[in-house]
Amino acid sequence: MSPTGSPSPSDTGPIPPSAPDPRRWWGLVVIATAQLMVVLDATIVNIALPSAQRALHMSDGNRQWVITAYTLAFGGLLLLGGRVADLAGRKRTFMTGLVGFAAASALGGAAHTSGLLFAARALQGAFAALLAPSALSLLTTTFTVGKERAKAFGIYGAIAGGGAAIGLIAGGLLTEYLDWRWCLYVNVPIALAALLGAAAFLHDDRRRRGERPRLDVPGVLLGCGGLVAVVYACSEAEPRGWSDPLVLGLLTGGAALLGAFAWWQGRARSPLLPLQIVRDRNRAGAFLTMGLAVIAMFGMFLFMTYYLQVVLGYSPLKTGLAFLPLTAAIVTGSTQLSARLLDHVPPRALMVPGAVLAAGGLFLLTFLPVEPAYVSHVLPAELLVGLGMGLIFMPVMATATAGVAPHDSGVTSATVNTAQQVGGSIGTALLNTIATSAGAAYIAAHLKTAAATAAATGGTLTPAARDAIVRTGIVHGFRTAIAWGSGIMLLAGLVGGLLVTAGPPKHASPLGDVEAPPASEAAEAEAEAEERHHMRACEPGDGTP
């Protein structure tokens, strides 16, 4: 048996268990460092964006590309990055991603035109699409069963959930005390340290007995094209609105491409995304739960950032620090609750309560006043949402990557990241559109009423009264959108409770995490058939390129 419990290509009988790598915890440090860099880079630039816009003379219409270029490349290329990790080797792909990410970050930090900054951010996203799935698949194959796996996924889940908030804190510190360019330059020393650590502590146990890398080119074009179209549509929905012809065309085209991609994957000899990965009930439920939960969470990040800076007048640093309790709660929920309980309870016993807690925290924000209310409303909401997300992320990732054949671990990890990235893009665009529409309607109606009342008494609407209505309208829009986010979070809990029916992981053998629990005869036979099909597709001399 391989470390994941699936038969390997050369199996003629059980493989004797080997001792666990004594450096595996140092390997986790390397993987966690790289993943943190990728996740926080989606938000670290947000707080620095006003400074970058002034320095590079960006228009208000173009400034969104600093964010969109990264998310577009990252979300659109993740499936390709995951399959490349499976074919070329996880460690090699991981290290290539680190080098490329560092180079793109240096290019962006040195950019003196907006176009160069946009291109650098797109390159960052492309290399992040190599880095993120290879990091998760290395984690999956390094920690296989038992309490160590739960602990490792708890740490990873804390980073996946808290990285965005850490990015806001880091962005505030760097922008306020150094320069906005350091929000990009900071990745260079982090990537260098992770690269040296990867060379020393990580290893790829993938067997290559006569294997030749093959890539599903039609699948790449259909799948990546569809994802790029959907992510781009969600990004453009913010400034244009969901009814804009370009947005509708991109959504329709993206859906058509993804439908063609699903059809092709059932017929391709070496599919980019083997359909058995998403046909599994528990795995599909984990993917959906992840996407829905992130939709709601990213909406909270967006609105709280604006509420703290625009409504309450917080500085960038103070805004970042205001998110610190959220990060601490996510880390606590992942490492102290999920990691301790997952080995003893079914995954949905953590996902459902986590979603209810997070939905409760979001619901508390629907009573957000215009006056400063950090201690009474924002802080309790952050703690509830953080603990809830900590309970969700870790079992979702562990469930999604459990029992996957080694040659599919990279693309499975990429699918988890895709659910997170696409969920974030949809959440930001969808909830921002709801907030903008609700706020505009409120402001227009109340300005009209206030003006009529003032005219009836022979006066005019004062600037102070107008400003108060506008501020109240903005907060009303936030409350409306967050109410939708709370409902979406409850939907995530419902999906996790109904679809994720797996029981608690079996306890490790007396040897610790060396030996995986035996699979059922049916699962074993299916895994062997998958492995034989994969090896036949990769054998030399089969007449394929």
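Predicted model, so just to flag it, every value in this text is computed and none were measured.
Within the 3.5 Å criterion, the main-chain N or O of V66 finds a donor-acceptor partner in the side chain of R121. Put simply, the side chain of R281 never gets that close to the backbone of V500: no donor and acceptor are under 3.5 Å apart.
Annotation: side chain of L499 is not in contact with side chain of M351 (no heavy-atom distance under 4.5 Å). Side-chain contact check for F74 versus V38: some heavy-atom pair is nearer than 4.5 Å. Using a 4.5 Å heavy-atom cutoff, the side chains of M290 and V416 are in contact. At least one side-chain heavy atom of F94 sits less than 4.5 Å from a side-chain heavy atom of V30. Looking only at side-chain heavy atoms (C-beta outward), L308 and F323 come within less than 4.5 Å of each other. Counting heavy atoms from C-beta on, the side chains of W242 and L251 come closer than 4.5 Å. Inter-residue side-chain proximity for I31 and L202 is flagged as met; some heavy-atom pair is nearer than 4.5 Å. Counting heavy atoms from C-beta outward, T399 and R283 have side chains that stay 4.5 Å or more apart.
Heavy-atom minimum distance, A381 versus G361: CB-O, 3.2 Å. Closest heavy-atom contact between L258 and L227: CD2-N, 4.0 Å. Closest approach of L362 and V385 over heavy atoms only: N-CG2, 3.9 Å. Listed here is the closest heavy atom pair of M95 and A199: CE-CB, 4.0 Å. Nearest heavy-atom pair, A120 versus A104, reported as atom, atom and distance to 0.1 Å: CB-O, 3.6 Å.
Aromatic ring pairs are classed by plane angle as parallel below 30°, tilted from 30° to 60° and perpendicular above 60°; the pair Y374 and Y314 is tilted.
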I44 vs V186, test: side chain to side chain contact (heavy atoms under 4.5 Å, CB included). Steps then yes/no. CA-CA 10 Å; I44 193 172; V186 71; 4.2 Å; yes
Set out, in order, the CA-CA distance, both residues' side-chain angles and the distance that settles side chain to side chain contact (heavy atoms under 4.5 Å, CB included) for L365 and M304, then state yes or no. CA-CA 9 Å; L365 292 175; M304 287 302 95; 4.2 Å; yes
Report the C-alpha separation of S437 and T433 in whole Å, then their side-chain angles, then the decisive distance to 0.1 Å, and conclude whether the side chain to side chain contact (heavy atoms under 4.5 Å, CB included) test is met. CA-CA 6 Å; S437 301; T433 302; 4.3 Å; yes
What's the verdict on side chain to side chain contact (heavy atoms under 4.5 Å, CB included) for F393 and M297, showing C-alpha distance, side-chain angles and the deciding distance? CA-CA 12 Å; F393 272 119; M297 189 183 77; 4.2 Å; yes
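A donor atom on one side chain and an acceptor atom on the other are not found under 3.5 Å apart for W180 and T175.
Not less than 6.0 angstrom separates the ring centroid of Y307 from the ring centroid of F303. Between Y232 and W65, the distance from one ring center to the other falls under 6.0 angstrom.
Of the inter-residue distances, the one linking E371 atom CD with R471 atom CZ reads 8.5 Å to the nearest 0.5 angstrom. Taking CG of L173 as the reference point, atom CG of L321 lies at 6.0 Å (rounded to 0.5 Å). Atom SG in C224 sits 5.5 Å away from atom CG in L77 (nearest 0.5 Å). Note that CG of L350 and CE of M394 are 8.0 Å apart. Values are rounded to the nearest 0.5 Å.
Checked against T289 for a side-chain contact (heavy atoms from CB on, under 4.5 Å), the options V495, L494, V352 give a single hit: V495.
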